[in-house]
Structure formats: structure tokens, C-alpha cells
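Taking it in order: structure first as C-alpha cells, then the write-up.
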Amino acid sequence: MTPKLAAIPLSRRTLLKQAAGVTAGATLGMPAIAQSKPFAGLKLRGAAYQHGFFNHLKKYIPEFEAATGMTVDLQLSAFPVYNQQADLELSSGGSAWDFCNVTFILAARWISAGLLSNLDDFSGDRKLTPASWNPDDFVKGAQVPYVDKDGKTYGYSWEGGAMLMGISRMDLMKKRGLSVPRTFDDLMKVADGIHGQQDVTGFVSSNLHHWFLPPYIHGFGGDLFANPPGDIRPTLDSAAAVQAVDYYGRLLSKYSPQGVLGYTEDQARAALLGGRSNIFIHSSSWVTAMLTSPDSKVEETALVTRMPVGPKGDFPAANSQGLGIPKNAKNKEAAWAFIQWALSPELTARIVKDTGHASICRRSVIESAEYKRLNTINGQDIGKLYLDVLQQPAVGRNYMAYRTVKEFPLMGDVVNKAVERVVSGQMPAAESMRVAQEAALSSLRRSGAKV
Amino acid sequence: MALASYESQRRRFARQAFAPSLLFLILVAGLPTLFLIITSLTPAALVNPGSLTDFSEPFRNYTLLLSDERFVGSLWVQAKLSFYTVTMQVLIGTSMALLVHAGQGRWQSLRHLFVIPMVLPPIVVAVIWKLIYTPDISPIYRAAKALGIVLPSLTTHVDFALWAIVIADTWEWAPFTFLMVLAALQTLPSEYVEAARMDGADTMGVFLHIVLPYIAPVLLVCTLFRVIDSIKAFPLIFLLTGGGPGSVTEVTNYYAYLVAFNFGELGYSSAITVVLLSLTVLISWAAMRASRSNQSIE
């Protein structure tokens, strides 16, 4: 579906005008709310995990409260804690929350179990949603996890993650006569050429192998499942998957810091920002910190670019996080008013402008001149890279479909173990993936999946 | 007749006196255990509320457990972890107690320091060891590097990961044995030792024939407590290794946690927990029997 950009012609001036409008409480997005305070006295309860976006959003919530008359109680917990709370709250049919974060990796599970409300009922109702809100403006690739097979929408994405390659020591690479790696082969050569030079490791990653490995499996022509989301027979022992684990395992065991298997994302990021590791391939917000974070020691020598392409194609991972409404929420219309406001193009543009927060999913804002100005750093148009990757899963085959399978957490765990076995030298790649395939089959069957 | 009446009154009084405690115990421990057992007979899944009352295949989870290599592997890891940690804790704790008892003047002031690890919250202990084991920030790794020594990353190395947990757990819990044994040593009548020395016993002889038999019941209790507690090892594994690399440090309760909260399979996780609980009860029962027979021999 082509985004209806014409519905919101954006320029810097328009954005500023709209931003001013929101402040006045009479924005284009919510005229009804601003004028009549239909939710006066209501207390809206919501939950999400701790993320910079919500810290920014909290600063604007008083405006929403003033415009609607309701008060918003937004509880934020650590990511794993929130996911456990949400799993219990939603599966028990609780009504404690009016809106909640729809976690990417759990979205398919929650949607298929019918735990969330169909948001099309709200976005399609002109009494509740003005046409200018334009749901098609969300980058399609970011919306994939929140749409079921019948095309119904259960969440709107507030955060996008686009896998990009961060290179911290371009100076060292130039010195060694190495150019930016464009293919998997190049990446291995660059890692080899840099590793050990001036105490820098060639590569770094974190322990989330279920996120980092699949682009290599795709790049070598494989997938985690036979044909997700319909056919979820695991294909972890395919030649492509074995090749990918062998390749990624070599990057970790030969060219990464000691103890990389235990690295958290923060540790990997710190290694990149400190210039201790040359390449980290992860979501945009993690690698662009090299250019924007005050902790960065490599601002002058850093480059953010697309991750290398595999022999069978270009499959950078993309993900998103959404906001949705639990099926048994007590105040669904009020929750929708909140989601509508929080993810409106106007507020999104304000947040980008005021805070620099860039990992948004509103295409019209990402393509605006203001966004481009703010996200062009050291001459690098990060916004374009981000959008290219974020929309990639919706172009051609949806290669991120593996993550929309509700049994994916089981597979993710199996993949993590498989990589760890290879990197720690317990098994060669082929044997580890054979074990992983058996483990995946047995776990999936146990959980009731027909494989 | 009067005696029988007295006896029945005494029994009634005892029953009434016990009743509140028994009721409390049933409420606090019995009901959750019962719920756990009932859940283990269902395919309960977090995202399928109806599955909590599905008893169509009550023993499916237990049948699956038998062929679950990861579960069997986790039991073996648990056995190794318990054996290593308890052995080291009892040996080191006892040695420390003997040392402090033998040189009370010198060690008196340090006695309290030994207890600190035990009173720290387990997650704090895990954080301390995370700092020690992380090559990037650990002072030990930095010192080794300065000396030109390359230390392996303990928590991610297949040969050392389990030992990394053993060392941290021993550091935390050896003071428990230390305290218990020291308390026992302080009640050891000095006449026993003096008499043995007058009979020509050397230090080792005194230890083997006087001290060790005297503290043996305490050591047995320590071992029992530590074995049971070692089965609950969780924060160290959660924070230091996450059960890895691979499944090298994945103990049974960590696996049960993953199954319940990462995979959402409450029924299967409950079955794992029931098996673990049964093993713990069995070990406790065996240890108590051993303790009783030891006392009767004495």
C-alpha cells in the first residue's frame, strides 16, 4: 500500500505550524478532543517498557490531559519485566490497562490468541479519528508485526529498529587500505584486517543472536522456518543456516572481544563508542550513537551505513514496537484517543524536533526536511538509511515474517544456544544446527505447533 | 479411666495447639504446591487461558520430560553444581572456622568480615562477580593484561563457566558453614583436647579423633542446608551466564524459568518444578535419616 503522503503535505513550516497548533490544544489531529473534553475525570492506565521515547512523551502528556480532561497513568518497567507482566495481564484477560506496548517479539502470540483489540474499528471510524491521522502513513515494514493474516491492525508502531552497520574506526581502515565492506566476504576481510590493530577488535556483537544471526541466514539464502508464518517447520539444519552460523560464529570467535558471548547490547555499544571495536551491526539507534552520544570517542572517525549484502541478497533486519489496546480494556475509546495523539504526525514531528529522537515510524515525518536536517550527521543521511531498511520487509518477500510467528521465542532460544555452542567451541556449525533443528522440532511439537 | 481421660485431653490440647500452625502451613506451602501439581497436569500456556483447565492428557508433560534432553542435561548440570559448591563450601567454611578458632586473638576482629558475603542480597553478589568476570572492566583482567597474561573469559568459556558460578556461590555461602562450625567448635570441651594431647595425639590426631567427630553433626546439617539451597541457585546463573555457553550452566530451575516466562508454557514448567521439588524432598528425607542414624550411633 502506498502511503498517502498527499494527505499531509509536510514542510518545515507546516510542521512548525502544526506543532504550534498542538500546543494550543486544537490540533488538526484531534479537534473533537480539544474542543469538548469528552473524557473529563477519566483516569487512563497504560503500561510499556522503559524507553527514551516514553520519557520524551511524558513531557507532552500534560498537554493531552489538558485537552481531553483525562489523566494518564503510564507505568514503565524494564523490558523483560514488562514483557512478563504483559503476558500475564493479557493472557489472564485482565482489564488493568487501557493501552499497552505491543512487544515486537510477542505481538504474533498476543494477536493470534485474540488478546488485543482490532484498532481498525477505531481508525476507520471518522467520529473517532480524523482522516488526517492517516494510518497508512506508518512505514509499512514497521507495521507488519501488528497486522494479522486478515489485514486487521492490532498496534501502531512508535519505535522502529533498522539494522545498520556502525564502523567506528574509518581512520584505521583507511590506514590499512580497507574500504567499507559491502558484501559478507568484504566484512570478513575487514574484520581480519583490523583485528588486533591498536588494540581494536574487528567486530563486536551482543548475546541476542536470535536478532543478529537471521540476516546472515537470509543472506546465504535460508530462513528459520520453511515458509513463515504459514509453514513453520524449522529449517535450522539447511545448508544456508549452517553456513550463516559458521560465518557469524567466526566473526564472534576470531574477531570480537574476549567474552563477547556474555556481552549485553550496552557493552557492545560501549565497545563501539569507545573505539575498542570497529564494527557493530545493530538497530540504528544503537550504532548512530557513535555520531550523537556525548560518550562517543569516535565521532570524527565513525561511519553509519547499510549492512553488507549476502550472496543471495540484501536482508537487513527491521523491527518495531507498537502501542495497542488490550481486548478487555475498560476505556477503549479514551485509549485510542491517547494512541492517536501520541502517534499523530504532529506530535511525532515535535518530538523529533525538540528531542532529536529519530527512531519513529511516521513516513511523512521521516521524509520531512526537518527530519533530514536533524538526522544528517557528518554528512551522513541517517534518516534515509533508516527508512530504506525499515521499509525493506514490505518490499518483495517479507523476510521478517519469521519474527511474527507466535512460537518464535522458542526458536530464538534454540538459535541462541546453537550460536553459543559454535562460538565456545563445543560443536562445529553443522552439528550444532542439527542439534538445534531437533531441539526446535521437539519444542514446537511440545507447544502444540503442527510441524 | 482417669489416666485415659487425661491422655485424651492432652492429645486434644496438642491438636488444638498445633492447628493454627498447621492451617498456616497448608495455606502458605500446601495450596501453592497443590496448584503447582494440578497445573503440571495441564498444557497450560500463558496465551491460552482455557488450557489451564484442560486435563485431557494429564501425564503428557511428564512423558515429554523423559525425552527432553535439555531437561535431563539440566539435572546433570544441577548435580555437578551442587556437588562442587557444597563440597567447596563445607571444606573452605570448616577450614576458616578452624583457623579462626585456633588463633582467636589474631582473627577475632576479622571474624565478622567473613560473614559479609552471606548477608548481601543475592543479586548484589551476582553484580559483584559480574564485574569481576567481565574482561573489559575487571581489575583482575587488567592486572593480568599488564603482566602479559591472557586470562580466558570465565563465564563464556565452556571449561570454566560452571566453575565461575561455583567460585561465586562458594564465596557467598562458605561463611554459612564457617559460622555453624565455629559455633560448634566454641562449645568443644577443652578437656577432650587436653586429654588427647596428654595421650600423645598430634594436631592431626586431635582433629581426626576429637574435633571432627564433635563437629560431624553440624557438618551434616550444613551439607543438607547447602544442598537444598544449591538447587535454588538462580541469580548467579541469570546474571553471569544466562545458562550458557550453550547449556553448560543451565540448571533445572533456570530451565523451568525459561519455559514458563520465555516460552509461556506454564504446564510444562510446573511439571519440571514438581520433579525438582520431589528430588529436593527426597534429598532432605535421606539427609534427615542419615542424621538420625548418626545420632543413634553416637
Side-chain angles (χ1 to χ4, degrees), chain A residues 80-81 83-84 86-93 105-106 108-115 199 207 209 252 257-264 267 270-271 274 276 406-407 409-414 416-427 432 435-436 438-439 442-443 445-448, chain B residues 43-52 54 60-61 63-65 67-71 73 130 133-138 141 145 150-161 164 238-250 255 257-268:
Chain A
V81 176
N83 287 337
Q84 288 176 13
D87 241 357
L88 287 170
E89 170 65 19
L90 294 175
S91 63
S92 62
I105 50 169
L106 301 170
R109 204 158 89 176
W110 293 349
I111 291 169
S112 67
L115 306 180
D199 265 353
N207 51 12
H209 311 300
L252 293 187
Q258 201 187 16
V260 70
L261 278 183
Y263 264 39
T264 61
Q267 278 176 280
R276 287 183 279 117
K406 71 180 168 64
E407 289 84 1
L410 284 171
M411 281 291 273
D413 184 67
V414 167
N416 279 350
K417 298 283 173 203
V419 171
E420 286 181 9
R421 282 193 297 264
V422 174
V423 177
S424 62
Q426 293 176 64
M427 285 179 195
S432 184
V435 171
E438 284 168 14
S442 130
S443 295
R445 283 178 186 141
R446 190 183 71 219
S447 73
Chain B
L46 276 176
V47 289
N48 186 3
S51 58
L52 200 58
D54 178 359
R60 180 176 181 265
N61 289 329
T63 314
L64 288 170
L65 273 181
S67 57
D68 185 347
E69 286 179 15
R70 199 162 159 185
F71 168 70
K130 177 90 179 165
Y133 286 144
T134 302
D136 294 350
I137 46 178
S138 167
Y141 280 83
K145 196 177 173 187
V150 179
L151 290 177
S153 171
L154 295 180
T155 50
T156 58
H157 195 290
V158 65
D159 296 327
F160 302 122
F238 182 76
L239 210 67
L240 294 182
T241 64
S247 299
V248 169
T249 59
E250 190 172 271
Y255 181 47
Y257 160 79
L258 289 179
V259 171
F261 293 104
N262 278 18
F263 312 156
E265 297 174 52
L266 287 185
Y268 192 62

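Computed from a prediction, not measured in an experiment: that's the story for all the values here. In what follows, every chain begins at residue 1, and chains take the letters A, B, ... in the order their sequences are listed.
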Which portion of [X] sits near chain A, non-hydrogen atoms under 4.5 angstrom:
{"X": "B:E69", "value": "neither"}
{"X": "B:F263", "value": "both"}
{"X": "B:D136", "value": "side chain"}
{"X": "B:N61", "value": "neither"}
{"X": "B:Y141", "value": "side chain"}

Answer whether the closest heavy-atom distance between the side chains of A:W110 and A:D87 falls below 4.5 Å.
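Contact flag for A:W110/A:D87 side chains = yes.
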
Give a yes or no on whether the backbone of A:T264 and the side-chain of A:Q267 come within a donor-acceptor separation of less than 3.5 Å.
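Here the side-chain-to-backbone pair exists.
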
Selection from A:S424, A:G262, A:A113 maximising heavy-atom pairs under 4.5 Å formed with chain B:
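Heavy-atom pairs under 4.5 Å are most numerous for A:S424.
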
Would B:L258 and B:R70 count as a side chain to side chain contact (heavy atoms under 4.5 Å, CB included) here? Give the steps.
CA-CA 12 Å; B:L258 289 179; B:R70 199 162 159 185; 3.4 Å; yes

Parallel, tilted or perpendicular, judged at 30° and 60°: which one describes the rings of B:F71 and B:Y255?
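B:F71 vs B:Y255 ring planes: tilted.
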
Is the shortest distance from a Lys or Arg side-chain nitrogen in B:R60 or B:D54 to a carboxylate oxygen in the other one below 4.0 Å?
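Salt bridge: no.
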
Toward chain B, the part of A:Q426 with a non-hydrogen atom under 4.5 Å
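Side chain of A:Q426 only, per the 4.5 Å heavy-atom cut-off to chain B.
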
With only heavy atoms counted, which part of A:R276 is less than 4.5 Å from chain B, the side chain, the backbone, both or neither?
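Interface part for A:R276: side chain.
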
Give the C-alpha distance, both sets of side-chain angles, the deciding distance and a yes or no for side chain to side chain contact (heavy atoms under 4.5 Å, CB included) between A:L261 and A:H209.
CA-CA 9 Å; A:L261 278 183; A:H209 311 300; 3.8 Å; yes

Only pairs of heavy atoms separated by less than 4.5 Å count here; which of B:I137, B:V150, B:T241, B:L151 has the most with chain A?
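Sorted descending by pairs with chain A, the first entry is B:L151.
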
Given side chain to side chain contact (heavy atoms under 4.5 Å, CB included), test B:L240 with B:T249 step by step and report yes or no.
CA-CA 10 Å; B:L240 294 182; B:T249 59; over 6 Å; no

